[in-house]
Amino acid sequence: MSETPAPILVEAIGLTKFFNIGRGQIVHAVDNVSLQVHEREIVGLVGETGSGKSTLGKALIGLHDKTSGSVRYRGQTLPLKYRPEDFREQAKRAQMIFQDPYSSLNPRMTVGEIIGEGLKLKSSTCANDVREQVAEWLRRVGLEPDHMSRYPHEFSGGQRQRIGIARALIMGPEFVVCDEPISALDVSVQAQVINLLDDLKASMGLTLLFIAHDLSMVRYVSDRVAVMYLGSLVEIGPANKVFFEPKHPYTQLLVGSNPEPDPRTEHRRRSTLIKGEIPSPINVPAGCRFANRCPHVMDVCRQVTPILHVPKDETVSDRQVACHLY
Ligand code: SF4
């Protein structure tokens with residue numbers, strides 16, 4: 001008997017975010033994306049730089065206005081453009097952990113001020129409460145309470161990311177967008193931060209959108225993986241299925257682009273690396289956006305835009321691919 005999925009926490013419906021950069025030029029950063037994230041689920045979002053992953057994450061939690069489409073939170077449609085009171089409400093239920101722990105922390109504020117800043121949105125929180133909660137969160141992320149009087153430059157990259165995690169989670173959010181939280185860190189520290197997020201996810205019952213360009217890392221932490229290319233989702237499904245049986249030609253090349261420790265398979269892998277450049281998001285091609293790089297391109301691909309659908313041979317209904325091959 002199949003398991004009943006948990007209720008949907010966050011849902012994007014036809015979510016679109018364009019940026020007008022002047023002179024009649026429009027950047028199609030996120031184009032008509034529909035995605036559901038269930039309670040306590042980790043959805044990995046992967047794709048090359050410039051595919052629109054961070055913009056989608058920010059639009060989901062209200063850090064970007066939406067051009068069209070909608071975002072629902074527990075079934076309630078959020079405003080297209082946020083008013084100050086909408087930001088305050090949304091900050092209590094959804095937070096973001098940023099990629100760069102160096103630039104995302106204000107160098108003029110102490111760690112205590114940085115972590116405790118968001119609590120001001122909760123009007124009932126007094127100064128003593130803030131201090132106690134900051135001390136508690138410093139412990140929970142593996143730092144010391146007396147670190148609250150120090151400044152960000154006194155910490156290593158991994159410690160700064162822990163401060164960023166404490167700043168986001170002290171608000172008690174249900175939904176957290178982790179925007180490449182480990183890519184700026186040394187390899188030796190990456191696993192520590194992943195383990196910390198995993199522990200906090202379990203103890204707090206968090207729901208996460210985990211953005212990364214490394215599909216092999218996302219596989220370890222995610223229940224499902226969504227693959228994004230030039231502003232659109234091209235494949236989504238259970239993490240192991242997407243990684244071990246990728247269907248979309250872009251996902252297949254993305255999986256093949258992970259370095260192999262064995263030199264023989266590494267040689268074979270290099271011959272299948274993704275060729276060509278990702279097209280400009282200002283001049284989005286007609287039909288399939290991956291057509292200029294796809295080894296299986298057909299005439300129909302340049303004329304008809306493929307939409308996400310369950311492939312005919314698929315055994316699970318939560319696997320979808322946007323490709324004319326299926
Ligand atoms: Fe390749 Fe065509 Fe599929 Fe696009 S729709 S990925 S061009 S086969």
Side-chain angles (χ1 to χ4, degrees), residues 12-18 26-36 43-56 68-69 211-219 222 224-260 268-326:
I13 304 163
L15 181 59
T16 298
K17 175 63 186 174
F18 292 166
I26 306 285
V27 175
H28 297 229
V30 175
D31 202 350
N32 196 21
V33 167
S34 294
L35 175 69
Q36 299 175 336
V43 174
L45 183 62
V46 293
E48 290 166 282
T49 303
S51 58
K53 309 181 298 290
S54 296
T55 306
L56 173 59
S68 63
I211 298 173
H213 55 262
D214 181 349
L215 188 46
S216 59
M217 174 59 79
V218 168
R219 173 173 75 88
S222 307
R224 285 188 301 142
V225 167
V227 182
M228 201 162 177
Y229 185 77
L230 200 59
S232 294
L233 289 186
V234 297
E235 180 160 4
I236 185 164
N240 279 339
K241 276 226 160 204
V242 172
F243 187 78
F244 289 112
E245 302 162 35
K247 283 197 179 294
H248 195 281
Y250 176 61
T251 316
Q252 290 172 357
L253 293 170
L254 208 56
V255 170
S257 66
N258 286 312
E260 294 275 349
R268 204 163 51 237
R269 178 190 75 83
R270 281 177 178 275
S271 66
T272 60
L273 285 181
I274 309 175
K275 308 235 171 31
E277 292 288 314
I278 188 167
S280 163
I282 297 171
N283 297 309
V284 176
C288 174
R289 296 173 182 204
F290 190 57
N292 71 319
R293 306 170 84 186
C294 180
H296 309 290
V297 62
M298 305 170 281
D299 286 345
V300 65
C301 305
R302 300 192 194 280
Q303 289 150 21
V304 181
T305 305
I307 53 169
L308 272 179
H309 63 281
V310 179
K312 292 183 197 80
D313 62 342
E314 188 51 74
T315 51
V316 289
S317 61
D318 58 352
R319 176 82 177 276
Q320 293 187 300
V321 184
C323 174
H324 293 307
L325 290 172
Y326 302 97

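One-based numbering, in listed order, for ligands and for the atoms of each. The figures here come from the full heavy-atom set of this structure, side chains too, leaving out hydrogens, waters and symmetry mates.
Looking at His248 and Phe290, their side chains come closer than 4.5 Å, going by heavy atoms from C-beta outward. The side-chain heavy atoms of Val46 and Thr251, taken from C-beta on, include no pair separated by under 4.5 Å.
By the neighbour-count criterion of 12 heavy atoms within 6.0 Å, atom CG of Asp313 is densely surrounded, having more than that number from other residues, nucleotides or ligands. Heavy-atom neighbours of Ile307 CD1 from other residues, nucleotides or ligands within 6.0 Å: at or below the threshold of 12.
Every residue two or more places apart in sequence or in another chain that forms a ring-ring contact (aromatic ring centres under 6.0 Å, His included) with His28 is listed here: Phe18.
The number of protein N, O or S atoms lying under 2.8 Å from atom 4 (Fe) of ligand 1 is 1.
Tested against Glu235, the residues Arg319, Gln320, Lys247 include a single side chain to side chain donor-acceptor pair (under 3.5 Å) partner, Arg319.
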